[in-house]
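Single-structure report; data block below.
If you read the sequence from its start, that first residue is 1, and numbering goes on from there. Both counts, for ligands and for their atoms, begin at 1 and track the order of listing.
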Amino acid sequence: MIETTGRETTNSSSPTSTTPIQTPILKTYSNQDIGKGRGVYVSTYGCQMNVNDSERMYSLLEMANFTPVPTPEQASLIIINSCSVREKPVHKVYSEVGTFRKLREKNPDLKIGVGGCVGSQEKDNLVKKQPMIDFVFGTDTIDKLPEIIAKVYQSEGPTIDTQFAHRAPYYVETLIRNPGVSTFVNVTKGCDNFCTFCVVPYTRGREKSRPYTHVLKDVQELIQRGVKEITLLGQNVNSYESECGKDFADLLKGLAVETNIERIRYTTSHPKDFDEKLMDVMAQHQNKICEYIHLPVQSGSSRILHTMNRGYTREQYLEKIQKIKSIIPNVVLSTDIIVGFPGETEEDFQETVRLVQDVAYETIFAFKYSPRPFTKAARFEDQVPESVKERRLAELFEAHNKISFELAKQYEGQVLQVLVEDYSEERGNLHGRSTQNKNVYFLGPKDMVGQTVSVKITKAFPSTLRGEWIPT
Ligand code: SF4
């Protein structure tokens with residue numbers, strides 16, 4: 001695909017001329033003094049959604065006059081924003097809070113809070129198990145953070161605020177301090193799918209979509225700040241549905257046609273909601289919409305997919321992949337896989353390995369199943385022994401490594417369009433990503449950051465590419 005750096009004209013129905021975004025969070029806090037002279041440090045674990053949420057927390061707390069600091073030692077306020085999709089991060093929260101004990105001995109003003117998915121999941125249990133924690137908030141109460149923290153500094157006991165606003169509209173403009181060249185834009189939150197292994201519907205609530213015009217206006221503002229690439233973010237972006245009846249394909253098309261953004265990506269998709277209309281829009285707007293699709297399959301066995309409540313069979317998934325490949329012939333695919341789901345037999349697992357080989361994903365993100373609170377699968381009786389899960393995971397990675405290296409080798413000699421994201425002073429090289437979402441390293445002047453340039457690939461490694469800049 002040829003990536004264009006040319007800009008399209010914004011049409012007369014530009015989102016900038018629409019109803020202004022309601023921004024209840026951008027008020028002047030009555031407790032603005034609360035952050036004066038205090039540093040804030042946010043420790044983040046988990047997915048891109050969590051990274052994005054942490055950035056939002058920093059932005060909100062800057063409005064309350066806190067100063068972001070690079071280490072917990074310099075902070076008077078520490079927030080742990082952690083994922084709960086797998087078991088380990090929850091344990092990590094407790095151990096991290098434990099390590100902050102010594103900091104409080106030196107700084108009695110220090111307050112420690114836990115937020116994000118772990119906050120929504122564990123609520124006041126966190127404080128019961130670890131009394132060092134001063135406050136807990138959830139994914140739906142991030143925007144109340146300055147108020148919560150004002151309360152924390154003014155009161156004796158812990159503050160817990162993890163309510164879900166199930167019926168409230170989803171109005172969140174992107175809050176990001178230094179967006180750089182490429183940034184994330186939330187379009188949906190929550191999920192209604194209730195896959196039997198997944199805790200997201202319990203930690204992020206019911207699915208909601210941002211108004212169409214709000215997303216477009218948000219993106220226009222990011223462009224003004226120098227952003228060249230956006231990644232639309234949601235647990236299930238494909239079920240986006242705006243208040244005016246626009247679906248995700250309409251949103252992608254709107255962004256491609258009505259804004260000057262150079263590149264558009266999105267994550268994550270659900271196979272059951274990935275329709276032909278979306279494939280067509282991607283094919284028709286390849287000058288802006290990247291050809292990389294992350295389509296989590298989770299298992300290659302229809303029997304396991306059924307017990308996971310995924311809403312598709314192996315055959316239906318493969319049919320969709322064929323359709324995508326026929327409409328977008330240069331598509332690059334990646335996926336998520338869970339091995340050792342309860343009841344997974346050796347034959348089920350081998351079906352997963354065969355599917356990975358048949359689809360030829362460039363990248364897979366594979367994990368061992370771990371039971372999560374509230375989920376149905378945690379109560380399934382036929383749990384797979386840990387040693388079997390470990391062996392299957394290693395086998396799957398081994399099978400995929402062979403495919404991915406062969407696919408990476410095919411890039412050697414090709415000229416890719418790379419959006420330059422950063423320059424390393426230490427190594428004296430540039431780094432950027434191609435439209436295929438490949439990390440490409442090459443030599444060139446520092447002022448190329450932010451430009452899309454042609455790079456000839458000279459050497460492929462399993463997860464990165466090295467190349468030479470071709471001046472035009
Ligand atoms: S689609 Fe399934 S796996 Fe994805 S967030 Fe929703 S419940 Fe979780």
Atoms of ligand 1, numbered as shown, that sit under 4.0 Å from any heavy atom of C195: 1 (S), 2 (Fe), 3 (S), 7 (S)

Atom indices of ligand 1, in the order listed, that fall short of 4.0 Å to a heavy atom of V200: 5 (S)

For ligand 1, the portion of F194 having any non-hydrogen atom under 4.0 Å away: backbone

Passing option when S299 is tested against R314, E351, M308, R310 for side-chain contact (heavy atoms from CB on, under 4.5 Å): M308

Side-chain donor-acceptor contact under 3.5 Å, T267 with H294: no

N/O/S atom of C198 inside 2.8 Å of atom 2 (Fe) of ligand 1, strictly under: no

Identity and distance of the protein heavy atom lying nearest atom 6 (Fe) of ligand 1: C191 SG, 2.2 Å

Element-labelled atoms of ligand 1 that are located less than 4.0 Å from some non-hydrogen atom of F197: 3 (S)

Contacting atoms of ligand 1, where contact means under 4.0 angstrom from a heavy atom of P201: 7 (S)

Whether over 12 other heavy atoms sit under 6.0 Å from K409 NZ: yes

D53-N81 side chain donor-acceptor pair, cut-off 3.5 Å: no

Over 12 non-hydrogen atoms of neighbours within 6.0 angstrom of CD in Q316: yes

Contact partition for P296 relative to ligand 1, non-hydrogen atoms under 4.0 Å: neither

Between D422 and H431, a side-chain donor and acceptor under 3.5 Å: yes

K272 to Y312 six-membered ring, cation-pi geometry met (6.0 Å, 45°): no

Part of Q298 within contact of ligand 1 (heavy atoms, under 4.0 Å): neither

Close-contact set for ligand 1 against H270 heavy atoms, below 4.0 Å: 1 (S)

